[in-house]
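Here's the structure we're looking at; comments come further down.
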Amino acid sequence: MSWLPLSFGAPMVLWGLLALPVIWWLLRLTPPKPQTEVFPPLKILARVLRREETPQQSPWWLTLLRLLMAALVVMALAEPVFNPREKLPAEGAALALVIDNGWASAADWNKRVATAERLIADAGSNGVPVVIAFTAEKPNAEIGPFDASAALDHLRAAKPRPIPTDRPAVYARVAAALERLPGASVAVLADGLAAKGDEAAFKTLLEKNATRLVWAISDRPSLTGLIGADNQVDGFALTAIRAPGDPAPAQVTAGAFDDKGRRIADATLTFAPGEAATTATMAVPFELRNDFASIALDGERQAGAVRVLDESSKRRRVGLLSQNEADQAQPLLSPLYYIRRALQPFADLVEPSSADLADAIPQLLDQKPAMIIMADVGTIPQQVKQRLVDWVDKGGTLVRFAGPRLAAAGNDDDLLPVRLRSGERALGGALSWTTPQAVTEFPKNGPFADLSPPSEVTVSRQVLAEPTPDIVERTWATLADGTPLVTGMKKDKGTLVLFHVTPEATWSNLPISGSFVEMLRRVVQLSRNQGAAIANAEAAAASLAPYRMIGADGMLTPPSPDARPLVPGAGPLPVTLENPPGLYGSETGVFAHNLLNASSTFAPLARPQVSLPVTTVPYAFDESENLKGPLVAIALLLMVLDTLAVFWMGGLLTRRPRRTAVTATAAALVVLGGLFGHADLARADDSKPGDTQAIEDISKTRMAYVITGEPGVDSISRAGLEGLTRFLIEKTALEPGPPAGVDIAKDELSFFPLIYWPIDASAPMPSQAAIARIDAYMQQGGTVLFDTRDQFSNGIGAGSASPATERLRDILGNLNVPPLEPVPSDHVLTKSFFILPEFPGRFNGSPLWVEASLDASNTENRPVRTGDGVSPIMITANDFAGAWAIDENGDPMLPTVPPDPMQRVYALRAGVNIMMYMLTGNYKSDQVHVPVLLERLGQ
């Protein structure tokens, strides 16, 4: 029974309202009010004996109060519901609930859960068992049937997965379960995207034992996905898709992020009306593009809107060198012509301005290329050879092509992967018994292992390698007669590669084949000056451990227990529960495994055409509200008021104002406390949110960090202070509370003894009012630790400085900053807990600046100078928070520079000394501590 937005679960109870007149007749009388008489008591007794008292009529307002209370109780018993929802069809032999929990359902997952909860609740009220299955779970996941309570537990334990759905397999399992429950209602909560095999899956699910279909649809706009992010010559080319046929134009912004989560570039993609795909170019410099670690679409909290990038997405700078350029009228004879054409789409090519090798090689090395290609370069001048060898040893990749000059130059053990025989070998011709040789299968130990051998390529001339025990290991491509075509080897951190033919089509037709382009691409991918290559010979055939996974909401997360190692191969790899999208490998190198590929499309899921009754429901939260609790609460409140009114009318509140009134008031408060402690109505709370936060801040000693507005900086600051807090608890008697992020413009700062402020030039400049609050905090005894995190700041005075130091100067220009000095060797800060000669962080190149101790003295050769007060300001560039930061497992998040494990320990000790200095001041300069300090110093 419902009237507009109000309904009653038991409307027959409302007939009780007809009893209100009877209740009024019973409640309208009240005992007479006692009268006050004066002595003598005998007179009072005589009057009492002579008079017969009669009841007194109750006031109208008290009767109305009681009638209202009775009406509220009657209405509460009728189960009133405000804004009632329509009951969903969940009847029959069972309810089969099939829910898509793939990546496309992540954005509105909570609405899907709320819709499923209503279906399960209605099934439970009808006593119907529930079969519940999810289309992105393990094949052996239990699906029931369950009772309503167990089904709710399974629903609330489920979560969206960053993988595609598998409707055919799951629908087949549900259909098999319904064979034992014929006549079931089937509810399909789909994600709205069509997939391969949907038609057959729906036929399997609905054609036999289903009697009704509940089809849930989403009111969310169509999804947008990112299917391409290619590093091209002029920028990153992005490709986004959406479902076809959308008549409305759309615009979405893509952001590029580095490996620390900092946003470093943007691009806008625009969909025209009805357009399903669009492209845009993120035009940024070459060096900045190579810092991209991921690209994500704003506002799309799902895995399809994120692409992670590996080394294959980073363009390399490749230097080209040749001693012989052909005539401009015959460009096809140029040694570098085919190399330029092959590398230009995916590398930045640089060439020297001089033809003299003594000048050309240094010119190339000065531009810091990842790879250098030498086309038939013979003897390398001695004055530049050692510099070229050092470049290879430090991670460079040197690729050399054969030719007459190289064949005549002889062996070069430092810059060739194999030793060569003198001269060259001719295959075919009038004076030769041999014929041109074809290319055979590529060896499994080389980077070309998964390429098909080019059947059209033949070799008529080559330089031969000396047969050595390791020639097989160094051979990457061979001819039909077993002689090497391409050889390569690792040299320290670098790579040496030799093509035993010329780069133009004189000794072989390899340079004019498609395989030549792919072979050069593989060699370019091997070139990494920043770390070890993932695409090397061993790793290409081995499995890569999960490193960072893309969550269903598009965020990078640690690997889940279900994730398994990935085996890279040719072509797109499938995204599964065992191999979810993300990065595979380690800190030294990663492989990007993305959800969508260049051929992905979005097609809307059409409702299956069936003869069953179909009920269409939208995904929505349950907005109905049960009014039984509030009505009972109001009725109890009126009962308390009625009790107080009776006390007042009976004179209990006037004759004994102290004892009786206090007792009645206390009783009323107890009743009200019990009432509002259990009612569904709003609960009373005398404390304000600000008071609660203040109590929490002062209940324990807590460190704070300034919220800069940059997510990457703020997350490192919080993780750093959490790491220092844990170290303080382990090493000292201090047990600080969790660190707090503060907004210096509005939060109370006086609760914190130390505020860590990471300076970031991209963060907004604080307002004058906020800086004034910091100034007041410092003047009142607080300390601010400024950290520019750049290691290049030589102070805050004039001169060239980094952007972070420039921002620090702007901030300090509005503060009353005392004279500063690097921490002296006899300062209290060096001995407040640990004995420290320096204060490193993630870096170890900057001093820690504190207030200069102008009036301090160090008499009688004491280990600590005397002086009062605590420095209100500290400045460093060593990135303290980066050294302190730990992840949820307690492991360091960022490496130290240089990578010394003890540097992190010293950084944590520096944090302990700073915190002890803040809490205890200069107590170590007291005379009573001198013997202990002298003993520890060994004096």
Side-chain angles (χ1 to χ4, degrees), residues 9 81 84-102 105 108-137 139-160 165-192 198 201-218 605 607-624:
V81 177
R85 63 176 178 84
E86 181 182 0
K87 193 171 183 179
L88 299 177
E91 66 274 355
L95 170 65
L97 195 58
V98 187
I99 305 173
D100 284 346
N101 66 325
S105 63
D108 55 356
W109 176 250
N110 291 334
K111 283 187 178 181
R112 298 170 191 267
V113 171
T115 304
E117 286 178 345
R118 295 200 300 273
L119 285 163
I120 294 174
D122 292 343
S125 64
N126 296 331
V128 172
V130 179
V131 175
I132 181 169
F134 301 91
T135 58
E137 294 294 337
N140 59 348
E142 189 176 2
I143 64 174
F146 308 106
D147 58 21
S149 177
L152 281 176
D153 292 339
H154 279 75
L155 173 65
R156 290 163 183 167
K159 60 183 179 180
T165 59
D166 185 7
R167 294 194 186 105
V170 176
Y171 285 12
R173 291 193 63 204
V174 175
L178 293 182
E179 290 180 358
R180 300 185 298 272
L181 300 167
S185 296
V186 177
V188 176
L189 279 63
D191 58 17
D198 282 349
F202 282 117
K203 184 177 180 181
T204 301
L205 177 65
L206 302 173
E207 69 176 357
K208 291 184 179 180
N209 298 309
T211 58
R212 175 181 291 274
L213 172 63
V214 179
W215 182 259
I217 60 173
S218 175
L605 178 64
R607 191 180 73 185
Q609 300 298 320
V610 293
S611 59
L612 305 176
V614 179
T615 302
T616 301
V617 297
Y619 290 125
F621 293 105
D622 188 359
E623 298 179 354
S624 61

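Note that the coordinates shown come from a computational prediction; the quantities given were computed from them, not determined experimentally. In this chain, numbering begins with 1 at the start of the sequence shown.
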Point-to-point distance, once rounded to the nearest 0.5 Å, from [atom1] of [X] to [atom2] of [Y]:
X	Y	atom1	atom2	value
Leu178	Ser185	CG	OG	10.0 Å
Ile99	Ile132	CD1	CD1	4.5 Å
Leu97	Ile143	CG	CD1	11.5 Å
Thr115	Asn110	OG1	CG	10.5 Å
Leu605	Asp100	CG	CG	7.5 Å

To check you understand the geometry: which heavy-atom pair defines the closest contact between [X] and [Y], and what is its length?
X	Y	value
Leu213	Pro608	CD2-CG, 4.3 Å
Ala172	Thr204	CA-CG2, 4.1 Å
Ala148	Ile120	O-CG2, 3.5 Å
Arg156	Glu117	NE-OE2, 3.2 Å

Backbone N/O of Ala187 and side chain of Arg212: donor-acceptor pair under 3.5 Å: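 Here the side-chain-to-backbone pair does not exist.
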
- request: Return yes if some donor-acceptor pair links the side-chain N/O of Asn101 with the main-chain N/O of Ala136 below 3.5 Å, else return no.
  value: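 Side chain of Asn101 to backbone of Ala136, a donor-acceptor pair under 3.5 Å: yes, one is there.
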
Verdict with supporting geometry, Phe134 and Leu155, side-chain contact (heavy atoms from CB on, under 4.5 Å): CA-CA 9 Å; Phe134 301 91; Leu155 173 65; 4.2 Å; yes

Taking the side chain as C-beta and beyond, is there a heavy-atom pair between [X] and [Y] under 4.5 Å?
X	Y	value
Leu119	Val617	no
Tyr171	Val188	yes
Asp191	Trp109	no

- prompt: Stepwise, does the side-chain contact (heavy atoms from CB on, under 4.5 Å) test hold for Val186 with Leu612?
  reply: CA-CA 10 Å; Val186 177; Leu612 305 176; over 6 Å; no

message: Between Arg173 and Asp166, does any NZ, NE, NH1 or NH2 come within less than 4.0 Å of an OD or OE carboxylate oxygen?
response: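 Not counted as a salt bridge, because no side-chain N and carboxylate O are separated by less than 4.0 Å.
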
- prompt: Less than 4.0 Å between a side-chain N and a carboxylate O, is that true for Asp108 and Arg112?
  reply: yes

